[in-house]
Amino acid sequence: MKKFFYTILTISIILTSQLRADEGMWIPLLIEKFNIEDMKAKGFKLSAEDIYSINQACIKDAIVIFGRGCTGELVSDQGLIFTNHHCGYRQIQQHSSIENDYLTNGFWAMSKEEELPNPDLSVTFLERIEDVTEKVLNGIKKKHTEKERNEIISQNIEKIEVEAVGGTNLAAIVKPFYYGNQYFLFIYKKFNDIRLVGAPPSAIGKFGGDTDNWSWPRHTGDFSVFRIYADQDNNPAEYSPDNVPYKPKQYLPISIKGVNEGDFTWVLGYPGGTTQYITSDAIKLIKEIRNPSRVLIRDKRLEIMNKYMEENDTIRIKYASKNYRVSNSWKRWKGEIIGLERLNAIKRKIELEKEFNAWAKDKKEYKDVLQELEIIYQANKEYVIAYDHFREAIRTIEILDYSWEFSKLIRMAKGTELDDSWVSEIERLKKETESFFKDYEEKIDHEIFKELLPIYFSNVDEKFHPNIEGLNVNYTEYINSLYSKTIFTEKEEILDIIDRGSKEEIKKLAGDPIYAFYNKFYKTYNAEIYPVYDSLNKETIKHYRAYMKGLMEMQNDKILFPDANFTMRVSYGEVKGSYPRDGIMYKYYTTLDGVIEKDNPNIYDYDVPDKLKELYQNKDYGKYEVDGTVPLCFLATNHTTGGNSGSPVLDAEGNLIGLNFDRMWEGIMSDMIFDPEHSRNITLDIRYVLFIIDKFAGATHLIEEMKIIE
Ligand code: ASP
């Protein structure tokens, strides 16, 4: 292990100038060691300490994990945060109704009193990072099996986490890097009183909808504004009207000086997950099996959702957030297939693997590793198919999933599980039931069920078919009978049962046709599919750990960055357009003019709000105007992924110049292979954000809170 670190350290000293341009998501703690020279050579004006420090306030103190899967950043000394519209979408949707349709009309709190609390939303600050590899691997010997190794690691991790934060209001989490060749500890502070301050209408914040998602040229004003509240001592607290705006250690100044092609830019945020080092077999599985089948299933779901959403406004509001969650990955998966094909990804990986095998042939530790992985992928194929189909085609049937919420209570009623949490389980189910029915439309679910069930049975190996009485190829009839007999579609009846809390009655729910059907499926999944799928996956980790270590030794003229794992990372690159295809050139920026070009009152996603058209007609752009219009989005070469949504895009001096929100279609496979020609992150220009807040919404009090550099 020591040798491994020594290798890394040596490489860092000799080779910082040879890093591959723009690819990489780097650990803030190691910027000084691995990246700062390269960053400075490319135009960065600050020091590594300015980004990450435990001795002084620094830029990392202005960055938060927003909710569970996005990034946000502080932009005022009163706890104001920016993130993407699609990151705050669920909250905006939850506050919306036909009377107060914030999705369509936007929402702006004109004073702090009007800001809206969000019970399930939190933001999390990173306090510090520590390399704990030695502590985590303490006690591990060569003779240990993988299982023993994992047990020791888990115990060590638990100890480290408890020691790090015991008796404080902080949280600690240790995460593996490079497939467990290295471990880092992250200390976090979480705030739970987060209020919605502002959101533009969807026709700005989600402008272009699915059609424009993941693509360029882009005109989406993808931002929303929230505020962190703390107790009187500036500490995290649950929601209370007495809470006050949080005073951050650091917030970001905003530069409206503008961006030019070639400018240095960087992103500090929480990329969710990448798999840069997977083998050709893994890519083949994704490209040829996983993505195509998941896309097909989601095609059906989206088709049905869209049909009803277009017909009816209440349904549109109910399903807006669900629909977005389905369509976002659906489109990305499609793009990945095309990108992997164009890049000849499988062939490229095979070439690397040949090189590796030649290098490793006399090295005991590495020589069989690729073959081992190949065997596992082969063995796992049918399990992967079954796993994906269960999760995409069965578990997504809303009524099934909802009925399963009752499984714990049913077990308690039957006396097979301790019932000391009976009361809290009853309370949880009441809430769950209210929130389920708030956004449920039976006819959509029913129709989707009828489409998806046959797909499971025709694509998944027979040995994973649950034996369900009465189910034959006439799926429609069978599903109709489930819906006609179940009680789970009846909100009031269900609430009455929960209220009465009679164990006899609750036990009977297990016989409900919907519950019984899902129970059968779930049992098959739990017994036949998941355990093998999971253990084979875990098995791959062991071999990837060796492969990764071997790759680092073999390619010792490079620094390989660790895959993203939803920990804070720095990506850096430059503002740059692209030549996506023969005869097409993508300019690096778009403007408000493009919004007007795309205006189409007949399509919800392109129906430009009148107020915006008025501002356009009057050229009422204030200080955000450039060449008679307002800049909107720009492209850059920063390596980002999901989770980076809402991340600040910064200039060389650390000023906020935009919000990262997407990637360009032609380079979308960058989670697996980054293509310098086509992989681009898409940033919402901060001038458009301010223009909308200031001129469109008239929320000038927010602008006054910010530090704007002109
Ligand atoms: N738009 C993306 C997302 O929602 C962000 C990205 O992957 O670049 O996940």
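The shown structure was predicted, so the numbers you read here are calculated from the model rather than taken from an experiment. In listed order, ligands and their atoms are each counted from 1.
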Please determine if D662 has a nitrogen or oxygen closer than 3.5 Å to a nitrogen or oxygen of ligand 1. yes
With no hydrogens and no angle check, is any side-chain donor or acceptor of W216 less than 3.5 Å from a backbone partner on K587? yes
Decide whether the shortest distance between a heavy atom of T641 and an atom of ligand 1 is less than 4.0 Å. yes
Is any NZ, NE, NH1 or NH2 atom of the basic residue among K284 and D281 found under 4.0 Å from an Asp or Glu carboxylate oxygen of the other? no
Atoms in ligand 1 flagged as close to S645, the criterion being non-hydrogen separation under 4.0 Å: 1 (N), 2 (C), 3 (C), 4 (O), 5 (C), 9 (O)
So the salt bridge (charged side-chain N to carboxylate O under 4.0 Å, His left out) pairs with at least one residue in residues 206-216 (sequence neighbours excluded) are D212-K598
Is the backbone N or O of S670 less than 3.5 Å from a side-chain atom of H639, with the two atoms forming a donor-acceptor pair by type? yes
If you have a sec, work out which protein heavy atom is nearest atom 8 (O) of ligand 1 and how many Å separate them, to one decimal? R663 NE, 2.9 Å
Has ligand 1 got any nitrogen or oxygen that is less than 3.5 angstrom from a nitrogen or oxygen of N660? no
Exam field: side chain H85 to backbone F223, donor-acceptor pair closer than 3.5 Å: no
Tell me if a side-chain donor or acceptor on Q93 pairs with a main-chain N or O of I317 at a distance below 3.5 Å. yes
Polar-atom distance check: G643 versus ligand 1, any N or O pair below 3.5 Å? no
Near Y324 (heavy-atom distance under 4.0 Å), the atoms of ligand 1 are 4 (O)
N213, any N or O under 3.5 Å of ligand 1 N or O: no
